Amino acid sequence: MTSATQVSNGAVPQYAQVAVPVHLNKTFTYRLPAAMQRAARVGSRVMIQFGAKPTTGYIVALSARLRAGTSLIESEIKDVQELLDVEPPLTPEILEITRWVSDYYATPWGEVMRAALPAGINATVEQTVSITPAGREALIRLSEPPTVAGGLGKPDTNAIATDDKLKLIGHKSVTTNARTRALRLLANEGEFELGAFRLRMGATQTPKWLRDLEHEGLIERSYRTRLLPTRAKRRRAVRLVKSPSTGYAGVPPASLPPNERFGQRREAAKQAGRLRAQRLTEAQRRAIEALRANGNAMAAHDLVQTASISESVIRTLLKKGMVEQFEEEMRRDPLARAELPVNENFKLTTAQLAALKAIEAPLNQRRFAPILLHGITGSGKTEVYIRAMRAALDLDRGAMMLVPEIALTPILSRRLRSHFGDQIAIFHSSLSKGERFDEWSRLRRAEARVVLGTRSAVFAPVKDLGVIIIDEEQDASYRQEESPFYHARDTAIVRAQREPAVVVLGSATPSLESFHNSQTGKYGYLHLPERVANRPLAQAVMIDMRQVFARRKKPAIFSDELLSAIQETHLRREQSIILLNRRGYSSFILCRSCGESIECPNCDVTLTYHQSDRTLVCHYCNHHERAPSQCPVCGSKYIYYVGEGTEQIEDLLRKRFPNLRLGRIDRDTKSRRYEFEKTLLDFGKGEIDLLVGTQMLAKGHDFHNVTLVGVVSVDAGLALPDFRAAERTFQLITQVAGRAGRGNLPGRVLIQTYHPHHYALRHACAQVYSGFYDEEIRHRRNHGYPPFVALALLLCRHKDQARAGTTAQQLRNALVEANRDHSCRILGPAPAPLARLRGEYRIQLLVKSRSRKQMRAVIDAAMKSMEESGNDLRSVTLEIDPVSMM
Ligand code: ADP
Ligand code: ZN
Ligand code: ZN
């Protein structure tokens with residue numbers, strides 16, 4: 001790959017190799033018009049005509065001539081239409097890693113590059129016009145008195161007519177005038193931006209004479225970085241008005257030291273009363289709430305958006321004297337005014353110190369080192385991450401921290417901001433496109449050296465990356481579930497290898513794959529086996545719902561044990577979390593008497609119930625059987641489909657405990673980011689007693705007053721038709737249990753289940769990772785699942801069910817044909833668990849092999865033969881290393 005401006009032999013490039021974000025996994029050759037040849041760089045974006053429409057592409061190579069032996073015909077090569085960057089946004093490191101992703105996941109390079117760049121990135125170049133030396137010479141000659149009257153408006157006594165001059169005076173006088181004026185303007189005032197130049201010349205479009213001047217070599221068009229109009233440095237903002245005696249109007253002054261808080265709180269309550277007396281409208285109230293949540297001040301524009309109010313609401317509040325207006329610095333940083341926690345300078349525990357040392361050693365030696373940091377919940381991993389990143393900065397290197405879902409971690413963002421200040425760029429989920437671009441640019445310019453972000457931040461342009469932290473490395477959200485499919489953890493490991501950097505995979509419940517790698521010595525292994533400050537782990541207990549059913553004779557959502565535990569916790573003024581483990585949509589059969597669900601005889605996964613024809617189907621191998629009317633194990637006729645929602649649970653709890661302040665977090669609230677974050681922050685401040693939510697609640701939060709965690713409907717997760725169902729459930733329970741008892745109070749975890757004997761639950765309750773690992777890894781080995789085999793999922797989609805079926809069958813035939821050496825196992829076609837989505841039928845095939853290389857060879861050959869026999873491969877999705885089998 002050419003990484004410099006010019007092609008290797010120093011010649012000016014004539015052609016660009018362009019990757020395009022379309023399903024085709026190849027690059028295309030375009031011609032560079034003269035004006036772009038010097039400015040084009042590998043890693044810059046271009047506009048090209050691709051098929052019928054203009055498309056953004058990415059230059060991946062430049063060349064002075066067409067490759068020998070190419071089938072391209074010169075006249076058929078299209079020009080690049082526009083150059084979008086002068087400074088390439090894709091650095092050589094990012095080009096490298098995007099190319100690896102493209103190769104490994106068999107996904108178009110252009111799509112990966114698009115995913116690697118911030119959505120808010122705009123054209124950053126402008127075209128310029130300047131005069132050439134030849135142009136200056138021509139101008140000098142022209143300035144001499146003309147021989148022909150009317151030519152240049154001056155008498156010309158020079159009898160010698162040069163070629164240039166002949167050309168100049170050979171035109172009609174208007175044109176000739178324009179040509180001369182243009183050359184003068186450029187000679188006197190220097191380079192012009194093309195649009196500005198046209199304006200000065202009074203032309204709306206690029207006139208023919210200008211193109212002629214360019215062809216004649218008298219002027220030159222080129223590209224430069226756009227000189228940005230100086231952006232408004234200040235913008236209008238509003239803040240809550242401070243009342244003389246207390247804090248802000250109606251605002252509990254949370255920023256005060258704790259000892260002052262109590263008295264203030266009473267004042268605040270009075271204030272809140274006054275606020276109610278003011279009789280605010282719903283919108284006004286939202287505005288005030290939003291301001292409070294944002295450190296009492298916000299840009300007017302942001303306030304309008306976050307609180308979804310109109311400008312008039314702000315005007316009214318101004319009139320009421322509740323808010324005041326001011327001008328604020330335009331640093332587009334959502335945490336700029338957030339309350340930051342005080343950095344506690346802990347003395348690291350022995351285990352933390354040992355871990356830090358083990359990370360620093362390869363960091364100091366600029367060595368690649370993948371390390372699994374296995375630390376139980378509350379063992380102080382985050383503290384180790386922070387110190388490791390600090391160590392990288394001290395070496396004048398960069399750092400990256402990836403987290404599963406940043407909206408979940410407002411507290412972490414603040415903690416890191418308070419440590420790293422402006423050195424950290426945060427790809428916060430509530431950033432607008434423009435803000436995201438600003439943060440990205442700070443990294444690109446090396447003004448910021450640390451990045452905190454989710455999945456796609458793995459492509460962030462951190463300069464001289466020294467350490468990558470992947471928190472909760474087992475989390476499924478590191479996998480992008482749409483094209484380009486990639487796994488951010490695995491991508492980060494490869495990126496670290498190339499930099500070279502240290503990559504730390506942190507978890508209390510490592511993925512089977514990562515733990516396996518640490519066992520085989522592929523990764524280093526660091527262990528933090530105890531909680532800091534000798535805090536005990538919460539005690540976890542299972543509640544057997546079969547017995548609850550036997551007592552009540554009807555299915556219950558809550559056991560009496562859990563209900564009374566909620567009550568007791570509340571009476572002690574402590575907080576509770578109720579977690580509903582419900583992923584997806586699939587129904588399955590569960591016996592309420594014995595807890596049995598029905599599994600595929602071939603695949604060791606739960607069968608999915610299809611109501612339409614009352615059958616049970618395996619979504620891996622397509623095994624079918626009739627849905628039984630009684631439990632095949634115990635004969636009971638109490639078999640049910642499982643599924644309650646968080647909303648239903650919240651309602652039930654509200655009725656049961658009218659005095660509790662409830663909060664709910666699930667997919668619905670997640671789309672309203674602001675509310676979501678606020679709920680978490682409020683819970684952290686103790687303004688919510690009980691939080692109900694899905695698995696999002698399980699991760700990372702550090703709430704010190706939570707002493708009860710209840711898990712309802714854990715069986716839904718266990719029964720998913722996915723070979724990782726047990727692993728996921730184990731991780732979920734262990735993590736959520738880790739939310740309890742993080743302060744100085746002992747925690748308690750109650751797990752309601754119909755499967756109290758399930759090994760995932762038993763080990764989760766015992767909270768011993770290795771016990772679970774040993775059992776699970778045996779299953780994986782016996783049934784041929786990762787990490788012992790490589791997996792690929794091929795999904796055929798079509799609006800027409802029969803067509804989807806035919807394609808799948810053809811694909812199977814092609815795979816079988818390519819698999820003559822039997823290095824792969826080919827399963828399916830079978831309906832996907834999501835058998836129909838957005839009007840398309842979905843049929844899948846699964847390919848397994850002990851050799852990843854062979855697997856790719858077989859798939860590539862099959863796809864090629866599919867394409868050759870005229871199939872449109874856009875209806876086939878290939879996923880390498882699928883994470884969710886749904
Ligand atoms: P983890 O990320 O492993 O769950 P954290 O890093 O969040 O753990 O630490 C858990 C709690 O312990 C936090 O409140 C943190 O501030 C505190 N903590 C971490 N390290 C120390 C230490 N060395 N001494 C005292 N407290 C610590
Ligand atoms: Zn049964
Ligand atoms: Zn099966």
Side-chain angles (χ1 to χ4, degrees), residues 258 339-360 371-391 399 401-406 408-420 452 467-475 504-510 514 525-538 540 574-575 577 680-681 683-686 695-707 709 731-747 749 767 769:
E339 262 171 66
L340 296 181
V342 184
N343 281 330
E344 291 172 80
N345 228 332
F346 302 121
K347 194 173 167 305
L348 291 187
T349 63
T350 319
Q352 280 174 320
L353 204 59
L356 183 62
K357 286 256 146 62
I359 296 167
E360 281 176 344
I371 297 171
L372 177 65
L373 176 60
H374 182 192
I376 62 167
T377 54
S379 59
K381 293 186 292 298
T382 311
E383 202 55 38
V384 174
Y385 303 153
I386 292 172
R387 308 273 175 130
M389 293 195 280
R390 167 65 59 205
M401 177 162 175
L402 302 185
V403 290
E405 169 58 79
I406 211 160
L408 294 179
T409 51
I411 295 161
L412 177 69
S413 308
R414 284 161 174 76
R415 189 164 160 193
L416 292 186
R417 169 53 53 81
S418 89
H419 268 275
F420 298 111
L452 170 67
V467 63
I468 306 179
I469 309 286
I470 302 176
D471 190 28
E472 307 284 2
E473 64 86 26
Q474 81 290 346
D475 200 278
V504 180
L505 313 182
S507 179
T509 52
S514 295
Y525 181 75
L526 301 171
H527 199 193
L528 302 179
E530 275 159 22
R531 285 191 161 180
V532 291
N534 298 321
R535 286 171 199 148
L537 273 176
E574 293 159 12
Q575 291 168 295
I577 290 178
L680 283 177
L681 289 170
F683 190 61
K685 288 184 200 149
Q695 44 274 15
M696 278 176 246
L697 267 184
K699 297 172 206 160
H701 311 294
D702 188 25
F703 301 121
H704 284 199
N705 198 36
V706 175
T707 55
V709 169
Q731 288 164 343
L732 181 75
I733 302 293
T734 313
Q735 279 174 359
V736 77
R739 298 314 114 210
R742 292 175 72 88
N744 295 318
L745 305 161
V749 184
Q767 303 189 46
Y769 178 84

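Residue numbers start at 1 and run along the sequence shown. Order of appearance sets the numbers: ligands from 1, and atoms from 1 within every ligand. Since the model is a prediction, treat every value here as computed from it, not as a measurement.
The main-chain N or O of Gly375 is found under 3.5 Å from a side-chain atom of Lys381 such that the two form a donor-acceptor pair.
Only side-chain heavy atoms of Val532 come within less than 4.0 Å of ligand 1; its backbone N, CA, C and O stay farther off.
Counting only heavy atoms from C-beta outward, the side chains of Lys347 and Gln352 never approach each other to under 4.5 Å. In this structure the side chain of Glu383 never reaches within 4.5 angstrom of the side chain of Leu528, judged on heavy atoms. Considering only heavy atoms from C-beta on, Tyr385 stays 4.5 Å or farther from Val467 through its side chain.
Note that the CZ atom of Phe703 and the NZ atom of Lys685 stand 11.5 Å from one another [nearest 0.5 Å]. Separation of atoms NE2 (His419) and OG1 (Thr382) is listed at 10.0 Å; rounding is to 0.5 Å.
Every atom of ligand 1 with a heavy atom of His704 under 4.0 Å away is listed here by number and element: 14 (O). Within the listing of ligand 1, atoms 22 (C), 23 (N), 24 (N) sit less than 4.0 angstrom from a heavy atom of Lys347. Those atoms of ligand 1 with a heavy atom of Thr349 less than 4.0 angstrom away are 23 (N).
When only interatomic distances are considered, the shortest N/O to N/O separation between Phe346 and ligand 1 does not fall below 3.5 Å.
Summarising the contacts of atom 7 (O) of ligand 1 with Arg415, Gln352, Lys381, Glu383, the nearest heavy atom is found in Arg415.
Proximity of Ser379 to ligand 1 is established by a heavy-atom distance of less than 4.0 Å.
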